[in-house]
Structure formats: structure tokens, C-alpha cells
4 protein chains.
Amino acid sequence: MSSNKPLDRFLRVRRRTAALCEPLEREDYTLQSMPDASPALWHLAHTTWFFETFVVAPSGIAYERPPAVFRHLFNSYYNGVGDVYPRERRGLITRPTVSDVLEYRARIDEAVATLLASDADPAIGELVILGTHHEEQHQELLLTDLLHAWSFSPVRPRYTDRMRSMVTARPVAWLETDEAIATIGHRPEAGFAFDNEGPVHRVLHPAHAIADRLVTNGEFATFIADDGYRRPELWLSEGWATVQREQWAHPLYWRATEDGWRRFGLDGEHALDEGAPVTQLSYFEADAYARWAGARLPTEFEWEAHAARRWSDQDGRHCIEGSSGVPQPAGVDDPQWCGAAWEWTSSSYGAYPGYRPAEGALGEYNGKFMCNQYVLRGGSCVTSRDHVRATYRNFFPTDARWQFSGLRLCRDLR
Amino acid sequence: MSSNKPLDRFLRVRRRTAALCEPLEREDYTLQSMPDASPALWHLAHTTWFFETFVVAPSGIAYERPPAVFRHLFNSYYNGVGDVYPRERRGLITRPTVSDVLEYRARIDEAVATLLASDADPAIGELVILGTHHEEQHQELLLTDLLHAWSFSPVRPRYTDRMRSMVTARPVAWLETDEAIATIGHRPEAGFAFDNEGPVHRVLHPAHAIADRLVTNGEFATFIADDGYRRPELWLSEGWATVQREQWAHPLYWRATEDGWRRFGLDGEHALDEGAPVTQLSYFEADAYARWAGARLPTEFEWEAHAARRWSDQDGRHCIEGSSGVPQPAGVDDPQWCGAAWEWTSSSYGAYPGYRPAEGALGEYNGKFMCNQYVLRGGSCVTSRDHVRATYRNFFPTDARWQFSGLRLCRDLR
Amino acid sequence: MSSNKPLDRFLRVRRRTAALCEPLEREDYTLQSMPDASPALWHLAHTTWFFETFVVAPSGIAYERPPAVFRHLFNSYYNGVGDVYPRERRGLITRPTVSDVLEYRARIDEAVATLLASDADPAIGELVILGTHHEEQHQELLLTDLLHAWSFSPVRPRYTDRMRSMVTARPVAWLETDEAIATIGHRPEAGFAFDNEGPVHRVLHPAHAIADRLVTNGEFATFIADDGYRRPELWLSEGWATVQREQWAHPLYWRATEDGWRRFGLDGEHALDEGAPVTQLSYFEADAYARWAGARLPTEFEWEAHAARRWSDQDGRHCIEGSSGVPQPAGVDDPQWCGAAWEWTSSSYGAYPGYRPAEGALGEYNGKFMCNQYVLRGGSCVTSRDHVRATYRNFFPTDARWQFSGLRLCRDLR
Amino acid sequence: MSSNKPLDRFLRVRRRTAALCEPLEREDYTLQSMPDASPALWHLAHTTWFFETFVVAPSGIAYERPPAVFRHLFNSYYNGVGDVYPRERRGLITRPTVSDVLEYRARIDEAVATLLASDADPAIGELVILGTHHEEQHQELLLTDLLHAWSFSPVRPRYTDRMRSMVTARPVAWLETDEAIATIGHRPEAGFAFDNEGPVHRVLHPAHAIADRLVTNGEFATFIADDGYRRPELWLSEGWATVQREQWAHPLYWRATEDGWRRFGLDGEHALDEGAPVTQLSYFEADAYARWAGARLPTEFEWEAHAARRWSDQDGRHCIEGSSGVPQPAGVDDPQWCGAAWEWTSSSYGAYPGYRPAEGALGEYNGKFMCNQYVLRGGSCVTSRDHVRATYRNFFPTDARWQFSGLRLCRDLR
């Protein structure tokens, strides 16, 4: 296993970001297909801005400062840092160019390396580690955002040839549990976690049975064939309004042809892989499928209680990183519990009891989004393997469909 | 105490709806100021449609049927019943007229009375009781919707002279509780409740302290004076975006004058009553105030655990009905725990474990709204006293401000 | 013929407005179905506000003033008079009530009568005459706006039983004209006209042939059957975008049934009258029809040159007023040149050479709308017969469809 | 003067397009800042698509065809050619890349050259000439669209150093003309023109005086200082609504600083050049300025009559092409009548009498836009000198501000 010393980890993560961009043409770096998605150029610069703003600049170290406008352009949402450049215009940033941004990265990399090489304050190491996890989140977004932009292209560009799922379906087994108190959240001694994964606290969950695998493309196709997108009784009211307004009739990136469903992905467009987990679902679609199946989504606590039982923190990462830099499900142990797809839960994203955001601008990292979003657990084929842990809380609004997001079924036992 | 026999209760509730309309001019009945708010004419007709659709028509009794188009016009959101007339056009319904609708009410009243007078199937009685509680919900909406429409009028019409709050501020006392398992939800033997109040289940809540009274207008004015609406660090990200887009600078219906704040209400516009509970807050504003105050909103479970301790089901209603038909806080016992204002909780509106909506169209009553809304507990000055109970779950989206919605502070104890 | 002395005319016009409202229920007076359409209550009050603002108040006469808020509520668009109440909220005005507005009308009527009875300044008489023509414009709008609101009602209310067209189709004859200089515009000695009808000036029109009658419903149905709404080559680019966005497939108020087209009008819904002029067309639809027919719309100058030839100012009014107060095509002379339908011309609404708006707020009456609107000539079945004259210029945006607007074909001769 | 043989002209125009792109970074080619503006990559490809579609493909010549998807991606608005890729997504086209598009250009260039070298049908030469004029229109748009995208950049990129105006203000002289019949439009024997410039016809214009120069930046600054953007009486109603909604307070690309106005242009941001013509005005702003100045905009016919008097077709081009490929006002003769700024006229864009669009898809070039746009005459600093002619009709909607559009004053003489 690779070293998690701050400097090693920092260099490794930074290199991987650059490697992920290799298949891009220069023109692709500024693609922005919707306000929620950002261009690769911006991801490259923003992750660097994060290190500059929270590590390098406060350290007092001498370094070659970028033009002052970078502070504005590459601030994502930290009002505490200053005025934020409008998110929906990130695709208009072509100056600085990609080359300028790569140079910016190199300069900040050098400054961070200098800081860590000396007898660094451990607090700096901790901030660097936070920055690397932040960058890994953006690695996933870089790919999902690119895929979204390319999905509008009749050319259907291909990012890689090596994304076919190694996950195959098996009959569902239901894992039953009695009502119990579970300990939820990240223990500080267990390594890095985001602040929203704590504090550790106790939650009472009801008796329930949870499926031991994700819902597949083939199963979801049956839902569609059963008029799933045309029956209001299967949908939340807001979901049904969305289906009608947006004319949804299948998951994002699916296309009906005479020869059946085809699906667009990072490896281009292919016939639907029926055994693979369904992804690119909104919360609304996941919820409707569960209702159709006579089940429900698990809460995030039910999910975590089961996941924690299946792996320990040491061996809990089931994804191997492919040579292209894209993580691939390992096929070892059980990819059905990690790394195959993010899993929508029925839990609204909120604060754990006793949660306190950090002081200062870093406190804006997670806390201010705790509203009108739902928690996803697990991790997907484009998630960094370092993010696949039992306590990790991903979150998106209920109509977001451009992530590798699917579902697992759950049932009450009474 | 008044009889809760179905027929008595039915007649009483129906009469009260009519009484609530007495201060209206004929022109006021069709006012619709936004899609979320409905005209009085529509409320009068829809509540009648409810009895016709779910009680009278299925009974097979002979009755004078209204024109077929009523089935369409006055269906709120029951896809299972048929095509729904667009909500945003309810204000365009002037035919049937108010007189036509009152006649419709009289005919259905007669049919229901006939049904209940005979040796009625108890199931019919239960449906009638459900219909009366449904109508009481619309009684509150009728008033809040009317107030919203009138708030756009520079004339500032006055619904009543008798709405001044009887609630006066007192120093806050904090009620402390240890971590504990609380029994949450409505016990079937305790009388009527909506399906979303059950099943009874157990919830573990953390140690916390909850304020023994609501936040007041005066306290909220201090938040404003402290730049509360101009400091992004106090707000959820989506709340801050809303504040900026909508230019919010104070609660709805407040107006800044040289002589200080004035507030518009059902009794017209008056100088702000500083000791009364602040109302007409969105979730965003309630949440920002709590953060500014170094506190948080309670969960709905924390609220219910405390409320249940304060009253039993028998004597738990603290509101008396004024002669104008508008309920007024009683001043007896403690109106700070009921009937003063709806209280935003931090709980996203969702299903209790084991929740199952009713079969058929009535299953659309509550379940399909369990998403992107937050629970309010308590009850307001325009809530029917029959709805003020420890288990009642009101719910609205986070930007809804036109209800009598305020907040109570809560704090973690660790 | 009725007297045009200011007082006689004033009383006659004011009475007719009241008469037009007789079929309305009280609830109908506040209907507003879109920002462009106004409620009857508002039309009643605004036309009165016009007399108060421009005649009564400046005169210095003593009169019972309405509440100050009327000045704000019933100002349509005169920035020079003061702050304008938002147009899209006119439907929210229920206080003052209809009774209050009728009382306001009575008071202003009395004041105007007093002013005119005395040895009035002729300038006052002129302003009163302007006000009566202004009110007649609103009489037409009152009916077209009401019809628009009712068109959303599945009840399909009926305003009158007596609107069936007396116009019958005849084979088209083409009236040919050589290139010539025409004198265009209103001669001051010829009685009242709006300022936009002058100054008189000379226009050179090309050789052309103009149809001697309007396009009929039957002809328009042929256009539809020939895929007129599905062939982009027939449409202006902006028109085609509108057709697709709004899903237009037929004129407003038409409905396809198994038994053929039905059309909703002030007399309710009936089978399409094929010989009657097509109405409720947008400019886009009129233009597309003309292109499909191998013709074009006439310019407003071509239209006026022909119309002026057909009638003199004395006998040029071809409409008789029905006992219901609704004008009806007379059937005498030739209703194909007046009173059957407004006719879209290809002329963008602009100023005649030398045009100068009046000084003060009255200068806002016409001039500020001379942009992005197209001129309609003629007059419709709901136009006051006093407005049917060769020089009258009506105008609407290209996508407006709720007027009684049709077309006449024209062709170049070369 | 350079040769206008089709092949010479073709090669010259194509080279100039490429030369115009030299200052761009690869990232800049895909910039799209609004649906109305297109990326450089798209302009490069679309102009090539035009030659392929209307010249090469119909000729039957053998050539290396681009991927089929090009036909879809680079069709601007020709429904007759096939399905049109959505205009607002042109910025998402990164595949084909710039290199791919340049290769496409080279291939089509070769095919066109082959076609013209042989004993070409003169009709082919005519289509090629049309294509070159079409490409010159896109050369101007390429620059105005780029400038618009860059205007959102706090970096304020600079396209060239050599754009400072050579036009200096002089006192206005008024050129008076009596009422007269003018011959308007392009004579077929006078070389190339677009179809909308004909047929030649006669127009009667009134007596008027027209300024002999454009309105300057300095004069427009006086309008602003006189509260021009805050006085509704100066504006068309729709213009005033736009000013308020969009918060306009000065021309596009102006910025108020402590040291006075600064203006962003292709040469970066500089202190305002007071003597240069004001540009980047909407029709609304031009019209309001004229009203404030006690004048009006000229009609397009008045403009053409004056312009035709000032130059003959042979020597009528007053612009010289700078070495950077950007045309610069010549300073010889009188740049105030050409090449300084497009001039808004009061004429709505419409068809001349007898106008017939071409058969087939090319008929969509001009005719279908003849609605809700206003004509601009003259030509700007980024207009090809071949487009500066007395009969040329440019046109834009009334709120378009991103062109080099200004105005000249005109007055009625009576």
C-alpha cells in the first residue's frame, strides 16, 4: 500500500489529476455543459487554489504568486475568502490558458513540497491531507463533468477503452437485522475523514433487510418496460413533476434503438450491460424503482451499519487503480459493497449531533450544504479508492443524474 | 368539550369554514397570488369534492351530482382520481361562482348527513372524520393564502380586529435532556391522526437543551440589526442564494419605516409586537437565526419528546376558538408550546419506519410529498385547535414564508 | 346618428361600458389570465382614472377624491403621473371592490358633467373626447381579455347568444393599383383621431393587387390540412421558433374534435363557421398563411389607400350596435372592409414623419410603443363603431393572438 | 484593387479568416458567451460547411467528405438542409477539434479551387462569391463574439494593439434635403449584393436634415451625465423595461472609474476616446439618445439616399485592411460615412416591394428574419471593406448591444 505521509500522498494525488487529463484535447479543458458541472481547466486550477489559499499563503513562505485575479476566478464558494466568480461562467475562462494553469500547479506544488520537507507544523500536514482528499473529489467530478458535456456531442467521444464493468449480477440475498443501536460516524483515530462524517454518535435503526447487491441495468430495464416512467403512483410528487417537465423516460445516457438499449459512458456508447449496476439515476428514479419493487431505499445509517460489518478500516478499500488512472472495481472481495456505484439513501443530508464546522472559511466546506440534498454512500467506478469507506457521505440534490449513482433495496421487517 | 361523533364534528367543521369566509367580499374569493396559494372559492369546493369523492360517491347513495367538470376542477393532486386541473390556474375559476359552490356544499352536506344518520358502516364514519381534519387544514390555508394575496395590496385590507397576540415574552429557560430513546408517533388508540404520524417507533435522541419558548419578533429584529441578512456565514448556501436573488432583508410582511418595523397581518398593519413570536419565516431564515444565536433547530423527535411530556392527549389542546371563528391562543397553560406559531425543525419530512400509505387514491394524501420539505411542529394562531397535538407533522419547502412559521432554539449538550 | 357633443358622447360611452359588464358575475370582474390582459374591474377603474387625472384634477373643480391609492393602482403606464402598480398583479385588486369602483365612476362622471355643463374651455371638451375614445379602446379589451380568461375554463362560459357572424364568404376579387403617391393619415378637420394617425403625409406605394375580402376560417383550415403548422419554410424564423415552443397547431380558441373544428368565442363554443373571417391569429400565423397562399400582407399604407377610396368619413362606419351593447357587423355596404376583423399589415408600428407626441404625461399614450409591434387596420366585431376609420392604427406584438385579428391578402404587380 | 475573380477572391477571403484567428489561443476557439454569439471554431467550420453544402456537394465533384455529423453540427439555420444542431450548444463542440476543422477547411478549399479552375459554370462562380460574402459577415461576427466572451473575463484579454480610432470629432453639420423620391436598392449591374438589397424601387422620403457625422463617446457621456438612463420619458416603453430589468447605466463595455469612463475593446481596456463614435449601443439606447438630443434616427432610405450621393460604387470603399487583418478606418475621404460604426436606423427590417427569396434552402439566408429587427447601415471597424456599400442592410434585434453599433442624428424639416 502506498505511503500516506503528507508529501508522498500530495505528490501522488497531484500526479494522478494530471494523468486523468491525458486523453483530453486542449479544446476539451474549457467545456461546461451546465452550471453544476465545471471545466477541467477550472478543476485543475481550483484544486491548486485550495492549496494556495489554505496552506501556502497562510504559511508566510515566499512563492511566486499568480495574478491576483486567480483568487477570484478559482474560488468555488468560499465567501469567507472573497468575492466568488460566477459558477455558470467557468466555461468562459480561457485566460489563464491550460498552460498557464499547469504552470500555476507546478509553482504551488513546489511551495507545498518545500513546506512539507522542512520541520513542518503537523497542522500543515493535516491541511495538505485535507487538500488531497478535496482534490480526489474533484478528480471524480472532472470525469463526470466531462462525460456530461460529451453526452451532448453527436460525435460521442471516448475517454478510455477500459471501463467495462467487472461486476456481474447474482441473485439477491437479503441481509436481515433486528432493531439495534449502531455507532455511526468516523472515529478520529481511524485516519482522515471529512468533518461531516462526525462526531461519532449512536443511532437506533429499525429491524430491516437489506439487499446484498446493487440494482442492475437489466432490472431497471424491466421497470421501464413495466411503464415505470408513466405511472404517477410510483413517484414522489416532485419526482413526477420532474419526469413530465423533463420528459424523462430512461436513465441519463441511455438511448433506445431497434436493437435495444444502448448506453453512453467514458468508454463510448455500447449495448447495455444488463448485469452491471444501473447508474446515472436521480434520487427520484431510485426512489420510484424501490417503490415499484415493493421495497424502499435504506437510510444512510442502515447502510453504514451493514458496510462497517463487511470491512474494517484497514482492508476496506476494494478498488484498484487502472494504469489509465481511472479506478476499476477490483473484483476481489465484494465490489457490490464499494466502488461499483454511489447508492442513494433515503437520508436527507444533515448535521450529526454535535457537529461543528471548522473556524474560518474552511468551515464552508461541508456544513452550508446540509439542506435539500440526499446522502449517497459507497463509491463509484470513478471514485478514488481512498474515498471508499463506511463513513463517507456523498450528497446531491434529488434531480441530479450525472453522477455514477444507483441504488440498493431495503425492506422493513415488522 | 364538543362532541366528536362523526356527524356532529362534520357539521361543526363545515359551519366553521363558512364562518371563516364572512369577512370576505365576493371579489376576494377568487384571489390567487402564487401557484402555492389557492383561492377561497377553491378551498370551499375542494374540501367538498373530498367528501364527495371519498365518501358520498363510493357509497352508492342517490344525490344530486354536480357538473362533471367539478371532478376535474377541484381535484388538488390525486392522480388516481383523474386528470388534475392546473394548480396555478385556480384563480381563473369564476364559474362555478361562489353561489354555485355554496350550493354544492349544501348538497354534499345533506348527502353526508344522510349517510351518517343511518346505520352507517363505521368505515364511513372514519372517512368523514378524515375529511373533517382535511378541511381544517384547508381552513388554515384559506387564511394564510388570503393574507398572502392581500399583502400585495397597497390598501392593506383587514380580515379581523381581534388577532393581537396574547403571548408575551419571558426570559428563556433551557430544558435539558440526556441521550434517550423516545417513543415517537401516534398511538392508534389515541384518536384521529394522519397516516404520516405513524407507525409508533423508537428514536434515540442525543443529549440536548431546548428553549421553553419561541423566538420573538424583538429578538429577530436584533438579528436584522446585527446584519443577519448580509452575512453569508450565517446561512445555508441555498438560503444565501435565495436571500440575494429575492432581496430578502426581513421576514415576510415586515416593513421598515421611520418609526421602526411595522408588520402586516390578518388584523391589518401595526407596529411590530416585540414580545410576540416571530412568524412568516422560511426554513432558511429560521436556520440562520439559530446559527447566529449559537444554537440550532431541534429535530422533530426532540420536539415531540418534549411536547409529549407537557401534555396528554386529552388536555393537550391549548387554543380556544374566538367568536369570529379564528382560533386564538388561550393564554392558559402555556401557549409557548402550542398555537402560537408553527416551529421549523431540522428534520427533513420522511416516512417513519414501516410507514405504508393507504391503498388507492387516498394513499396520495401524504406520502408522495416526503422529499425536499422540512417538518414543522406545534400549531399557529390560525390552526384548528384539533390539530394541535404532539405528533402532528406539518411540512413545507425551505423557502416557504407565507405560513405562521417561526422557531424555537435547541442546543447540543456534550 | 348620435350627437358628438362632448357631454352627450361622454355619457353615452360611459353607459356602454357599464352595459358591457352586465353578463358578468361579480367573480368575473377580477379575472386576469396573463400580464397582457386586464380584469374588468381594472378597466372600469382605469378609464375613470384617465378622466380624473387628465380632466377633473387639473381643472381645479371641487370633487370627492377617491383614496390616494387609486392614483397608483389604476395608472396603466404613465410614468409621468407617478409610480405604476405592476401590470401582472391587476388581478389581485379586489379592494376597492366592484361596488367601490362603480361609485368612483359615478363621482367622476358627475364632476366631468359639471365641467362640461358650464362654459367649458374647449380644451376640456377635447380632453373629454380623447378620454371617450380611450374608453372605447378599453371596451374592446375588456371583452377580449375576458374571453381569454374564460378560454382556460373547461366550463366554457358564454357571454352572449348573439355573436354569430353576418359575414359570408364570396369568391375573392383582386383590386389592382399602379404605383402611386397616396396621402396618408388623419386630416385635422375630419374629427377626432389619435396622435399616431398624423401628421398627414405622402407615401409612395408600389403597384399591387389587394383582395376584396378577408381570409376565412375555411381557407385557414385548408392551410392547416396542408401541414401549414409543420412546414418551417412557410414561417418567419421567430414565428417557427414560437410554433415549436408553444406547440401551436391551429388558431387560438380552435379545438379539433371527431366532428371537425370547433371554436370558442363570446357566444360559447360552436362548430367552425367556415365562411366567417378567421380571427385570433398572431402576426406570425397571418404571415405564414399569406406565404403559403403565394401572397403577402399589405402594408398599412396600401390598406389605407384602398379603404379611403371605399368610404368617406361621414358614412364610413359600417357597424351597428346590438342591443346587448356588442357591436355587430352591419351587413350593409361591405363589412369585409370594416368591423369583421382587425387585419395584420406588414408595417412595423412607427412614427409618421413629423410626429410629435403631446407634452406631458399624455405624450406617453402612443409614441413610446413604436417598436417591435405591427400595425393592424380595420376593426373587429367588438370594436366600437367610432373606431372604424381609414386612418386608425391598432398595433400588437407579433405573437399576440387573443385579439379578433385576421388578414387580407395582397400581391405585387410587376 | 484586388481581383474579384471568384477564385482569387475565394482564396483571399479564406486566408483572411485564418489570419483573424492568429491571436487566439486554442482554448479561445470554443468560447460561447450567449446563444446569439458563436465560437471561432464554429465560424471556421460553418463558413466551410456553406461552401460544401451549396457549391461542392451539388457539383458532383469527387472530394474527401467530412464525417456525416458535420452536416448537422455546422448548419446554422437552414431547415431545408436538415436537422439543425442547437445554437446555444455550439460552445460544446470540441470534437472535431480546431485541427480537424482546419483540415476540413483545407479539403473544401481544394475542392472549390478545382471547381473554379476548370471551365466552371458561371453559376458556380456566383455561388462562390455569395459564399465569400457570407464568410466576411462571419469574420465580423467572429471578432464581435470573441470580444463579448472576453468581456466577462476579469483578465481583459487583448486581441490587438492597433485598434485605436482614427476618427476625430468635428462640429456637426446638418445636410438638408427636400421631400423627394429616391431610388433605393442594389442595381444588378453594380456587382454583388445580398438578395435583401433589392429589388430596386422608389421611395418617397420627407424633407429632413441629417448629421454629417456619428454621435461620439463624449456626447454619449453627456447624455449619461444628464440622467439619460434614469428618465423614462426618453425611452421607448420596451426600452425602459429593458433598462430596468438589465440595470443598464452605460453602453456595453464601458466601466465607470474614479478617473472617468474606461472602455473595453479588441485592444483591451482604455480611457474613453471622447472623439470616437460611440458603439456597442442597442437600438433602445440609440433611440433614447436621439430623443434626448431633440432629433430622431434616420430611416434606412434617408440614409441610403445620402450615402449614395457621397460615393459611387467604384470608389465607395473607405476602409483599408490593416496588416493584422483587421480593417481600420482609412482616414481618407470621410470615415464618418463608412467603416466607423454601424448606424441604427428607425426602419424595421422588411422586404422591399417585389422581393422574392431564392429557391431552395438558400432562400432561408435573409428573408425569414424580416421581423422584429431593425436595419443598421454603414459598417464598422471590423467590417470587411467589401461590405461597406450604400445599399448594404445589416439588422439586429432592438436589445442587441454587442456589435459595433452607434448612430447618426436626423431631423424633420417642416
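Per chain, numbering begins at 1; letters A, B, ... match sequence-line order.
- For the pair D:Arg156 and D:Phe264, the cation sits on the ring face: its NZ or CZ lies under 6.0 Å from the ring centre, inside 45° of the axis.
- The part of D:Arg89 that comes within reach of chain A is its side chain, from C-beta onward, which places non-hydrogen atoms under 4.5 angstrom from that chain.
- Of all residues in residues 36-56 of chain D, none places a non-hydrogen atom less than 4.5 angstrom from a non-hydrogen atom of chain A.
- Ring orientation note: the planes of D:Trp248 and D:Phe284 are tilted relative to one another, at an angle of 30° to 60°.
- Residue contact with chain A, scored on non-hydrogen atoms closer than 4.5 Å, involves the backbone and the side chain of D:Leu92 alike.
- The aromatic rings of A:Tyr253 and A:His148 lie tilted to each other, with the angle between the two planes from 30° to 60°.
- Between A:Ser384 and A:Arg16, the shortest heavy-atom distance links the atoms CB-NH1, 4.3 Å.
- Taking 4.5 Å as the heavy-atom cut-off, the residues of residues 67-86 of chain D that approach chain A are D:Val69, D:His72, D:Leu73, D:Tyr85, ordered by number.
- Contact annotation for D:Tyr29: neither backbone nor side-chain heavy atoms come within less than 4.5 Å of a heavy atom of chain A.
- Only the side chain of D:Pro157 comes within less than 4.5 Å of a heavy atom of chain A; its backbone N, CA, C and O stay farther away.
- Contacts between D:Thr30 and chain A at a heavy-atom distance below 4.5 Å involve the side chain alone, from C-beta outward.
- Between the side chains of A:Glu135 and A:Thr17, a donor-acceptor pair is found at a separation under 3.5 Å.
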